Amino acid sequence: MLLCGPTGTGKTVYINNYLNKLSKDSYLQIFVNFSAQTSANQTQDIIDAKLDKRRKGVYGPPLGKKCIVFVDDLNMPAPDRYGAQPPIELLRQVLDHWGWYDRKDR
């Protein structure tokens, strides 16, 4: 879900209130705040740190839970010299391909 609107209208508060009402037993919630300095590596590290490693190369929420990732200030990462925003491209890769490469696994 993508929630859009003018600055200062309470989008983050609205989403946080909704997520706080969800059962902690059923949902793993990951909060990511983007800024102009956010990199794709930082984004991947934040999300990977909260997930369980099930087997080599396979991560996910604890068994029996669903994962919700809330990204605040999605438009904030600074474009690189090619005009791309790598943290957003990483999220797009997850949505398109259901995962990303493990940077530590060579």
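Predicted model only: the values in this text are computed from it and were never measured.
Across all their heavy atoms, Asp80 and Pro86 have their closest contact at OD2-CG, 3.9 Å. Taking both residues in full, the closest heavy atoms of Phe34 and Asp73 are given as CB-O, 3.1 Å, listed atom of the first, atom of the second, then distance. Heavy-atom minimum distance, Tyr101 versus Gln44: O-NE2, 2.8 Å. Scanning both residues, Pro87 and Ala40, for their nearest heavy atoms gives CG-N, 3.8 Å.
A continuous path of ILVMFWY side-chain contacts below 4.5 Å connects Val32 to Tyr59, so both sit in one hydrophobic cluster. Phe31 and Leu91 are not part of a single hydrophobic cluster, where members link through side-chain heavy atoms under 4.5 Å apart. When the side chains of ILVMFWY residues are joined at heavy-atom separations under 4.5 Å, either directly or via intervening members, Ile68 and Leu28 end up in two distinct hydrophobic clusters. Hydrophobic clustering (ILVMFWY, side-chain heavy atoms < 4.5 Å, transitive): Val71 and Ile15 are in distinct clusters.
At least one side-chain heavy atom of Asp48 sits under 4.5 Å from a side-chain heavy atom of Trp100. Using a 4.5 Å heavy-atom cutoff, the side chains of Leu2 and Leu74 are in contact. Taking 4.5 Å as the limit, every side-chain heavy atom of Thr9 sits out of range of all side-chain heavy atoms of Tyr14. The side-chain heavy atoms of Val94 and Ile47, taken from C-beta on, include no pair separated by under 4.5 Å. Between Leu51 and Ile30, some side-chain heavy-atom pair lies under the 4.5 Å cut-off.
Note that CE of Met1 and CZ of Phe70 are 9.0 Å apart. Values are rounded to the nearest 0.5 Å. Atoms OG1 and CG, on Thr12 and Asp72 in that order, are 3.5 Å from each other to the nearest 0.5 Å. Annotation: the span from Met76 atom CE to Gln37 atom CD amounts to 8.0 Å, rounded to 0.5 Å. Summarising the geometry, atom SG belonging to Cys4 is positioned 9.0 Å from atom CG belonging to Asn75; distances are rounded to the nearest 0.5 Å.
Of the possible polar contacts, one joining the Lys65 side chain to the Lys24 backbone as a donor-acceptor pair under 3.5 Å is found. In this structure a side-chain-to-backbone donor-acceptor pair under 3.5 Å is missing from Gln29 to Asn20. Using a distance-only test at 3.5 Å, with no hydrogens or angles considered, no donor-acceptor pair links the side chain of Glu89 to the main chain of Ala84.
A 6.0 Å sphere centred on NZ of Lys11 holds more than 12 heavy atoms belonging to other residues, nucleotides or ligands. Applying the 6.0 Å contact sphere to NZ of Lys21 captures no more than 12 heavy atoms from other residues, nucleotides or ligands. The number of heavy-atom neighbours closer than 6.0 Å to CZ of Arg54, taken from other residues, nucleotides and ligands shown, is above 12.
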